[in-house]
Amino acid sequence: MNILSTNIIAGPCSVESHEQFFKTCDELRELGYTFFRGGVWKPRTKPGGFEGLGELALQWMKEYKELHPEVKMCCEVANTYQTKLAIKYGLDAIWIGARTTTDPFAVQEIADVLIGEWPGKENLIVMVKNPPCPDIDLWEGAIQRVKNSGIKNIVAIHRGFKLYNTTKYRNEPIWRIPLELKIKYPEIPILCDPSHISGNRDYIEEICNKAVHTYNFDGFIIESHCNPDEAWTDAKQQLKPVDLKTLLDKVYSGEAIDDGDHKELDELRNKIDYIDRCLLYSLEDRLNISKKIGEYKKDHHMKTFQAQRWNSLLDNIINLGKEHGLDENYVKDIWEIIHEKSIEIQN
Ligand code: PEP
Ligand code: MN
């Protein structure tokens with residue numbers, strides 16, 4: 001992770017007071033962390049909450065950096081005013097927040113501030129959070145706008161997606177979206193933000209484990225507060241610095257050691273490749289039959305979509321799936337895609 005010089009950015013959701021911010025930074029620094037976050041302007045979904053201290057918080061960040069030159073600081077920016085001010089106060093990184101990523105006008109205005117030649121540009125890191133809606137194009141678009149401004153140090157942040165039906169998490173991880181981004185932009189490091197995904201400190205460790213061990217993320221941006229229960233924003237998801245260290249040490253100590261012998265894995269992968277080919281040929285066969293059914297329906301003046309047939313087909317396949325230990329939603333999702341393509345081809 002050479003862009004960031006570390007794999008962990010930690011710090012409070014919001015900068016609340018000189019004492020709270022300095023105490024949190026001191027505790028983190030004593031534990032070995034050097035890259036700190038702090039919310040300066042807080043995007044609040046509903047009015048009436050704490051909206052950040054603005055420029056005053058930036059002054060404290062600058063003051064802390066002067067006392068401890070090894071430390072780096074970052075905050076969220078959502079418009080041109082905030083971006084200019086963050087740069088003026090010498091922040092090492094800024095991030096475009098999730099809500100802002102949804103708005104190409106706002107992202108372009110921020111990118112326009114960054115354009116051209118200016119002192120310190122080559123060192124500034126710009127991080128782009130995914131939008132709350134599961135739309136990879138908006139995320140990519142924001143990254144491209146920043147790239148087009150000539151910024152070289154770009155980092156993506158995965159903070160999960162706000163869905164109508166949520167599970168125990170505040171934001172659903174939908175891991176395949178950040179994975180797709182990773183495949184398309186292998187040169188852009190991706191940090192996971194387990195705080196905003198989980199919304200609850202009890203689930204942070206499991207998210208971190210997934211991010212490191214299953215999906216090979218480059219690191220974390222994670223919320224930490226000297227007194228989490230009293231935090232003015234996101235109290236439930238913040239960790240005390242010492243708890244953060246215990247948690248992250250545990251996550252990283254579980255890192256599997258690659259012994260280089262992958263014969264068993266190769267065999268399993270061969271099996272998967274064979275099954276994938278069979279699936280593909282079956283899909284081809286199915287579509288060809290679908291086409292014939294489409295022609296038959298046309299000849300007999302029948303509508304393409306037959307609700308009764310579709311409902312019974314889906315019920316049968318879900319029940320069969322259950323008998324074979326396959327989760328109902330898994331089967332349903334797959335057959336909905338298959339059926340959608342059949343309808344499309346019949347039309
Ligand atoms: C934050 O990181 O403090 C924040 C507001 O995050 P997000 O934009 O992901 O909601
Ligand atoms: Mn927060």
Side-chain angles (χ1 to χ4, degrees), residues 4 8-16 20-21 24-25 28 35-47 49-54 57-58 61 73-79 82-83 86 91 93-103 106-107 110 125-136 138-139 142-143 146 155-163 166 169-174 177-178 181 190-201 203-204 207-208 211 217 219-241 244:
L4 286 168
I8 307 295
I9 298 177
C13 178
S14 301
V15 178
E16 299 163 5
Q20 167 258 7
F21 187 60
T24 306
C25 291
L28 286 167
F35 207 136
F36 302 151
R37 61 155 284 156
V40 168
W41 297 277
K42 297 306 300 173
R44 306 315 298 272
T45 304
K46 291 181 178 154
F50 174 62
E51 293 189 336
L53 299 175
L58 289 176
M61 286 181 152
M73 291 279 179
C74 63
C75 80
E76 170 174 350
V77 296
N79 56 36
Q82 295 172 1
T83 308
L91 260 56
I94 52 178
W95 79 79
I96 297 177
R99 293 154 192 81
T100 309
T101 304
T102 56
D103 179 357
V107 175
I110 293 170
I125 299 159
V126 179
M127 305 190 284
V128 183
K129 285 198 170 200
N130 66 264
C133 54
D135 181 347
I136 192 173
L138 281 170
W139 199 4
I143 288 171
V146 174
V155 171
I157 300 174
H158 170 226
R159 50 80 77 202
F161 301 91
K162 184 91 199 159
L163 301 185
T166 42
Y169 299 134
R170 177 176 173 189
N171 290 291
E172 278 305 302
I174 322 185
I177 297 181
L181 192 85
I190 305 199
L191 298 181
C192 173
D193 174 350
S195 312
H196 291 93
I197 291 176
S198 67
N200 183 323
R201 65 180 74 91
Y203 309 139
I204 289 184
I207 297 285
C208 288
F217 273 61
F220 297 105
I221 178 164
I222 181 163
E223 288 186 342
S224 182
H225 189 292
C226 57
N227 188 3
D229 290 333
E230 299 301 319
W232 296 359
T233 55
D234 290 350
K236 279 202 320 216
Q237 70 195 32
Q238 303 206 57
L239 291 160
K240 276 190 186 146
L244 173 102

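For ligands, and for the atoms within them, numbers begin at 1 and follow the listed sequence.
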(message) Test of geometry: compute the angle SG(C13)-the Mn ion (ligand 2)-NE2(H196) and round it to 10°.
(response) 170°
(request) Indicate the ring-plane relationship of F50 and W232, choosing parallel, tilted or perpendicular according to the 30° and 60° boundaries. (result) perpendicular
(request) Can you sort out which atoms of ligand 1 are near R99, meaning under 4.0 Å from one of its heavy atoms? (result) 7 (P), 8 (O), 10 (O)
(request) Give a rough value, rounded to 10 degrees, for the angle at the Mn ion (ligand 2) between atoms OD2 of D234 and OE2 of E223. (result) 130°
(message) To check your reading of the model: name the closest protein heavy atom to atom 5 (C) of ligand 1, its residue, and the distance in Å.
(response) E76 OE1, 3.5 Å
(request) Within a distance under 4.0 Å of any heavy atom of G97, pick out the atoms of ligand 1 and give their elements. (result) 8 (O)
(message) Consider side-chain contact (heavy atoms from CB on, under 4.5 Å). Of I197, D135, N130, which one does F161 pass it with?
(response) N130
(message) For K162, is the NZ atom crowded, meaning more than 12 foreign heavy atoms sit under 6.0 Å from it?
(response) yes
(request) Look up atom CD in E223 and atom CD in Q238, then write down how far apart they are to the nearest 0.5 Å. (result) 4.5 Å
(request) For E223, take its heavy atoms, then give the atoms of ligand 1 lying under 4.0 Å from any of them. (result) 3 (O)
(message) Closer than 4.0 angstrom, basic N to acidic O: yes or no for R201 and D229?
(response) yes
(request) Please write down residue, atom name and distance for the protein heavy atom closest to atom 6 (O) of ligand 1. (result) K129 NZ, 2.9 Å
(request) Go through ligand 1 atom by atom and flag the ones less than 4.0 Å from a non-hydrogen atom of R159. (result) 7 (P), 9 (O), 10 (O)
(request) Would you give the length of the straight line joining atom NZ of K240 to atom SG of C226, rounded to the nearest 0.5 angstrom? (result) 9.5 Å
(message) What protein heavy atom lies closest to atom 8 (O) of ligand 1? Include the residue and the distance to one decimal.
(response) A98 N, 2.9 Å
(message) Please list the nearest protein heavy atom to atom 4 (C) of ligand 1 with its residue and the distance rounded to 0.1 Å.
(response) H196 NE2, 3.6 Å
(message) Any atom of ligand 1 sitting under 4.0 Å from a heavy atom of P43?
(response) yes
(message) Could you tell me if H225 and D234 have a donor-acceptor pair between their side chains, going purely by distance under 3.5 Å?
(response) no
(message) Under 3.5 Å between any N/O of K42 and any N/O of ligand 1: does that happen in this structure?
(response) yes
(request) Starting at CG of L244, measure out to OG1 of T24 and round the result to the nearest 0.5 Å. (result) 11.5 Å
